[in-house]
Amino acid sequence: MPDILVVDDNDANRYYLESLFGGHGYSVVSAGDGQSALALAREEPPRLVIADILMPVMDGYALCREWRIDPQLAGIPFVFYTATYTDARDAEFALKLGADRFLIKPLPPEELMAVVVELVSVPQVEHEIGENFLPEAYREHNEVLLRKLYKKVNDLQRSNDLLEQEIQSRREAEAQLIHAQKMEAVGRLAGGIAHDLNNILTAMYGLAQLLGDDLPEGGSSRDYLQDIIACMDRASALSRSILSVSRRQEMEMRILDLNEVVGGMGMIVRQILGRNIRYEARLAAAPLMIRADRGQIEQVLMNLVVNARDAIFGEGRVDIETASADDGKALLTVRDSGAGMDESVRQRIFEPFFTTKDAGQGTGLGLSIVFGILAEHRASIEVESAPGAGTVFAIRFETEADAACAPACQPEAGGVAPLPGLPQQTVLLVDDDDSIRKSSRLILERAGFAVREASDGESAIRLVQDLSVPLSLAVIDLFMPGRNGHEVLALAREFRPALPVILLSGCFGSSDEGMGEGLAPVRLLAKPVLPNRLVRTVQECLGLLESLS
């Protein structure tokens with residue numbers, strides 16, 4: 001004879017009760033519905049039955065009724081243990097059917113065990129069934145079941161609603177994660193492209209400088225060379241735009257001419273807009289000097305241009321204009337002929353992840369990024385729009401009075417010539433790009449330096465560690481296969497702490513701040529490195545310019 005019969009259609013509930021009672025030394029059998037439980041009990045009656053109410057085939061109330069009219073089972077204690085409790089009428093009906101207890105899930109294990117111990121230990125008792133089992137009782141039975149079913153359906157509906165909300169939230173989070181991963185991949189690709197492009201431009205600038213030094217003054221050849229250099233300048237501006245997409249430039253606040261920034265974006269703006277959208281840039285006659293990070297301002301422009309493009313269906317136009325506002329601020333205006341938006345949409349456009357585009361067509365991050373960047377620059381942005389009337393974004397920057405603009409990537413006048421009356425210095429040139437090493441070596445040699453080359457980090461480290469090799473300064477590319485520039489720099493610090501170092505990269509901002517307090521100076525130069533800039537930086541690091549002053 002088993003001690004306890006557990007009746008519940010939920011597998012987890014049955015497992016829990018079997019484990020609980022079995023752990024206290026009771027033998028347990030179980031069934032998933034009232035009909036199966038009744039068959040088990042008639043074969044081998046238990047000492048106690050614990051049953052749920054809502055079950056398939058035969059519910060708990062019907063099981064209790066059959067239990068009490070079966071002479072073999074009528075005296076065995078019967079306990080209802082249910083999670084679907086509606087009101088006191090359910091318990092009253094259960095007791096009228098002959099149940100000994102009516103318990104509500106979840107009950108603390110110790111309280112449930114106290115009931116089990118009490119009922120298992122008492123002798124079987126006779127129960128009065130009387131009129132409780134007349135046909136009229138079926139109406140009350142049905143009413144109770146309907147109440148419970150109604151409550152359970154409502155509970156399930158609420159659970160389903162919560163589950164759907166959770167699924168939707170997870171889908172949105174997953175979509176945001178996928179987008180972030182895609183953007184990271186695009187950023188890495190853009191950074192790699194910009195790095196390679198800057199390497200090519202560095203070599204081209206160097207060779208162009210050497211060619212210019214050898215060409216006679218006047219003549220068409222020098223004019224052609226200047227045209228080539230102008231094309232390289234455009235490629236350099238394009239590289240900066242690519243880096244602003246990848247966001248791999250360091251935050252670098254400098255004095256910039258807003259006109260020059262907008263003008264330099266012309267090529268990439270036209271690529272973004274395509275052939276069906278006309279583009280015009282109208283720039284102020286006088287320079288508009290602002291303090292800003294160039295890459296981030298270019299990011300703002302690109303995001304606004306992309307937003308304008310997506311608002312135009314078919315043909316249209318986008319205009320970018322700079323002007324001096326009445327309040328003295330620098331005004332940047334981006335105007336499109338797109339679909340426009342109503343006031344409810346306009347109020348929300350800067351919210352992260354808000355978008356009116358179809359699923360998969362946008363993430364709603366572009367304008368929130370614009371807002372964040374402008375907040376860092378203490379700039380304001382206003383939006384005017386109406387359905388069918390296009391959109392105007394007006395940005396106001398604080399201006400810098402009497403400020404000199406940070407130099408653009410333009411060649412310095414004059415050729416490269418050695419400084420007279422100084423002993424020859426030896427420069428270690430480390431770069432995995434053959435064309436850069438060739439052009440830089442020729443430039444440095446023409447400036448009067450001896451050059452030792454290394455095509456990778458391993459070769460450079462061997463030269464640094466060999467103290468019999470005289471080295472006055474090292475020019476090291478940061479990104480190389482195998483041992484990178486950081487590792488070469490670390491070894492140089494260890495073996496030659498007084499060795500000045502210039503680090504080159506095509507990915508960080510063009511900062512030349514010193515690094516390494518108390519040690520030899522480290523300068524950072526962004527590729528493309530112009531020939532005269534390279535030579536002048538080498539001379540400065542070696543103190544040659546100071547010695548002539």
Side-chain angles (χ1 to χ4, degrees), residues 191-211 232 235-236 239-240 242-243 248-249 409 411 416 425-466 469-493 495-496 499-512 515 520-542:
I193 292 173
H195 179 270
D196 291 343
L197 178 58
N198 285 331
N199 278 343
I200 296 170
L201 288 171
T202 296
M204 293 176 67
Y205 274 120
L207 295 172
Q209 180 71 67
L210 292 168
L211 179 60
M232 287 163 22
S236 179
S239 175
R240 291 196 304 272
I242 293 173
L243 281 174
R248 295 184 66 180
Q249 289 175 301
C409 188
V416 177
Q425 307 273 1
T426 301
V427 175
L428 172 61
L429 180 61
V430 186
D431 201 302
D432 62 310
D433 190 293
D434 295 339
S435 59
I436 290 180
R437 288 200 318 278
K438 177 181 178 180
S439 62
S440 299
R441 175 178 57 79
L442 293 173
I443 288 290
L444 290 170
E445 288 177 344
R446 183 162 293 192
F449 296 100
V451 179
R452 295 294 300 265
E453 295 184 49
S455 60
D456 54 48
E458 291 287 353
S459 303
I461 289 172
R462 286 194 294 271
L463 287 172
V464 167
Q465 291 175 330
D466 185 357
V469 177
L471 296 178
S472 305
L473 177 141
V475 178
I476 305 171
D477 185 34
L478 270 179
F479 299 101
M480 297 181 292
R483 308 293 288 271
N484 59 36
H486 292 289
E487 296 178 78
V488 178
L489 174 61
L491 267 295
R493 293 293 189 146
F495 286 88
R496 301 178 188 247
L499 183 71
V501 176
I502 299 172
L503 296 179
L504 307 181
S505 175
C507 288
F508 54 61
S510 55
S511 170
D512 54 3
M515 294 173 54
V522 171
R523 303 289 289 272
L524 306 178
L525 291 181
K527 295 178 180 179
V529 182
L530 302 179
N532 287 335
R533 179 73 183 279
L534 175 62
V535 171
R536 185 175 182 85
T537 303
V538 170
Q539 292 169 341
E540 289 174 352
C541 288
L542 291 174

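The figures that follow rest on heavy atoms only: side chains count, while hydrogens, waters and symmetry mates do not.
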Does the side chain of [X] reach to within under 4.5 Å of the side chain of [Y], using non-hydrogen atoms?
X      : Y      : answer
Lys527 : Asn199 : yes
Leu534 : Tyr205 : no
Ile502 : Arg523 : yes
Val475 : Ser440 : no
Leu473 : Gln425 : no
Ile461 : Gln465 : yes
Glu487 : Asn484 : yes
Pro528 : Asn198 : yes

Please give me the minimum heavy-atom distance between [X] and [Y], naming the atom from each residue.
X      : Y      : answer
Thr202 : Val529 : OG1-N, 3.2 Å
Leu478 : Ser505 : CD1-CB, 4.0 Å
Pro531 : Gln209 : CG-CB, 3.4 Å
Leu503 : Val501 : CD2-CG1, 3.9 Å
Val488 : Ala460 : CG1-CB, 4.0 Å
Leu463 : Ala454 : CD1-CB, 4.4 Å

Distance in Å, [X] [atom1] paired with [Y] [atom2], rounded so as to fall on 0.5 Å steps:
X      : Y      : atom1 : atom2 : answer
Leu525 : Asp477 : CG    : CG    : 11.5 Å
Asp456 : Asp432 : CG    : CG    : 8.5 Å
Arg533 : Ile443 : CZ    : CD1   : 15.0 Å
Leu211 : Met204 : CG    : CE    : 11.5 Å
Leu429 : Glu453 : CG    : CD    : 6.0 Å
Asp431 : Ser455 : CG    : OG    : 9.5 Å

Are any side-chain N or O atoms of [X] and backbone N or O atoms of [Y], one a donor and one an acceptor, separated by less than 3.5 Å?
X      : Y      : result
Arg483 : Glu458 : no
Arg496 : Val464 : yes
Thr426 : Ser472 : no

Exercise for the section: Decide side chain to side chain contact (heavy atoms under 4.5 Å, CB included) for Leu489 and Arg493; before the verdict, give the C-alpha distance in whole Å, the side-chain angles of both, and the deciding distance to 0.1 Å. Expected result: CA-CA 6 Å; Leu489 174 61; Arg493 293 293 189 146; 3.9 Å; yes
